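All values reported here derive from a predicted model rather than from experimental measurement. Residue numbers run from 1 in the order of the sequence given.
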Amino acid sequence: PQKPPPTPELPDEDDAPKSVDVGDYRVVASIGRGGMGAVYEAVDSSGEVVALKTLRGFSPTMLYHLKNELRALAGVTHPNLIGLDKLYVSGTQAYFTMELVDGRDLVRYVRGDAGVGVCSPEVVERLRGVLPQLVDAVAALHEAGKLHRDLKPSNVLVTAEGRAVVLDFGLVRDTSEVSALSSSNE
């Protein structure tokens, strides 16, 4: 049997950006790291810019979680939910592509230049613009029978135009699954 290609060394958040090829994508920058892996800005051969989520380490369990995250939004499209695209698995490398959102996390967006605890008219106005979008996004998930289970300010990005986008579906569960778990704990 042919050996899979070696996993390329991906840029570290603290390192100066360096370009690395991952499958059909050229990784150009590190965006962030989480418990399961890392997210990078990447460009495909046609020039499309995407976010690429990789696993930290590779195991059947980690691959299962990555697949579940991608499947969580299968068939669910909403302007305030991150657009997930394709899963790639090659040897000991697994990743999926998703929409690249250029934005700030919810707290930074809402606060703007205001200090902690400051509730200026601008802060209130930004909240009024973003909260209905979050409600709509969560409602779309619930209508699809899904619960996010990790909705927090760091899992929401807001673009310069004011579009709120819910991210990170690693803990999503079907409502029927959660109902069964809740019933068994009564």
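- When the side chains of ILVMFWY residues are joined at heavy-atom separations under 4.5 Å, either directly or via intervening members, V49 and M98 end up in a single hydrophobic cluster.
- No continuous path of hydrophobic side-chain contacts links V135 to V124 [ILVMFWY only; heavy atoms under 4.5 Å].
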Which atom pairs, one a donor and one an acceptor, fall under 3.5 Å between side chains of residues 72-80 and the rest of the protein, sequence neighbours left out?
{"unit_1": "H78", "atom_1": "ND1", "unit_2": "N80", "atom_2": "N", "d": "3.0"}
{"unit_1": "N80", "atom_1": "ND2", "unit_2": "Q133", "atom_2": "OE1", "d": "2.9"}
{"unit_1": "N80", "atom_1": "ND2", "unit_2": "A164", "atom_2": "O", "d": "2.7"}

> E69 and R149: salt bridge (charged side-chain N to carboxylate O under 4.0 Å, His left out), yes or no, with the steps?
Replying inline: CA-CA 12 Å; E69 183 169 354; R149 297 179 58 225; over 6 Å; no

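- Residues K53 and F96 have side chains in contact (heavy-atom distance under 4.5 Å, counting atoms from C-beta outward).
- The shortest distance between side-chain heavy atoms of T175 and H142 does not fall below 4.5 Å.
- Side-chain N or O atoms of S59 include one that pairs as donor or acceptor with a backbone N or O of M62 at under 3.5 Å.
- Side-chain contact between R126 and V130: absent, with no pair of heavy atoms (C-beta onward) separated by less than 4.5 Å.
- Separating the NZ atom in K152 from the CG atom in D150 is a distance of 4.0 Å, to the nearest 0.5 Å.
- Nearest heavy atoms, A140 versus L81: CB-CD1, 4.4 Å.
- In this structure, T54 contributes its side chain and A38 its backbone to a donor-acceptor pair below 3.5 Å.
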> Stepwise, does the side-chain hydrogen bond (donor to acceptor under 3.5 Å, both in side chains) test hold for Y109 with D105?
Replying inline: CA-CA 6 Å; Y109 173 79; D105 75 51; over 6 Å; no

>> Apply side chain to side chain contact (heavy atoms under 4.5 Å, CB included) to residues V101 and T159 and explain how you reach the verdict.
In response: CA-CA 7 Å; V101 177; T159 67; 3.9 Å; yes

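- A salt bridge links R163 to E99: one of the charged nitrogens lies within less than 4.0 Å of a carboxylate oxygen.
- Within the 4.5 Å cutoff, the side chain of L55 has heavy atoms near those of the L66 side chain.
- Remark: K86 NZ to L52 CG distance equals 12.5 Å, nearest 0.5 Å.
- No more than 12 heavy-atom neighbours from other residues, nucleotides or ligands sit within 6.0 angstrom of CG on D24.
- Ring pair Y88/Y25 is perpendicular by interplanar angle, where above 60° counts as perpendicular and below 30° as parallel.
- Remark: E48 CD to S45 OG distance equals 10.0 Å, nearest 0.5 Å.
- You'll find the side chain of Y95 reaches within 4.5 Å of the side chain of V22, heavy atoms only.
- At distances below 3.5 Å, not a single donor-acceptor pair connects side-chain atoms of R104 with backbone N or O atoms of L157.
- The distance from atom CG of L141 to atom NZ of K146, rounded to the nearest 0.5 Å, is 9.0 Å.
- Side chain of H148 to main chain of L167: a donor-acceptor pair is present (N/O by atom type, distance under 3.5 Å, no hydrogens or angles).
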>> Determine whether V156 and L134 satisfy the following criterion, side chain to side chain contact (heavy atoms under 4.5 Å, CB included), listing intermediate values before the conclusion.
In response: CA-CA 9 Å; V156 176; L134 295 178; 3.6 Å; yes

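- Between atom CG of residue L131 and atom CG of residue L106 there is a gap of 7.5 Å, rounded to the nearest 0.5 Å.
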> Do I31 and L100 pass the side chain to side chain contact (heavy atoms under 4.5 Å, CB included) test, and can you show the C-alpha distance, the side-chain angles, and the key distance before you say yes or no?
Replying inline: CA-CA 10 Å; I31 295 173; L100 179 66; 3.4 Å; yes

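- When all heavy atoms of I82 and V165 are compared, the closest pair comes out as N-CG1, 3.5 Å.
- Side-chain polar atoms of E122 and S120 form a donor-acceptor pair below 3.5 angstrom.
- Here the CG atom belonging to L127 is positioned 7.5 Å from the SG atom belonging to C119, to the nearest 0.5 angstrom.
- Residues L151 and V166 have side chains in contact (heavy-atom distance under 4.5 Å, counting atoms from C-beta outward).
- Side chains of R26 and Y40 form no contact here, defined as non-hydrogen atoms less than 4.5 Å apart.
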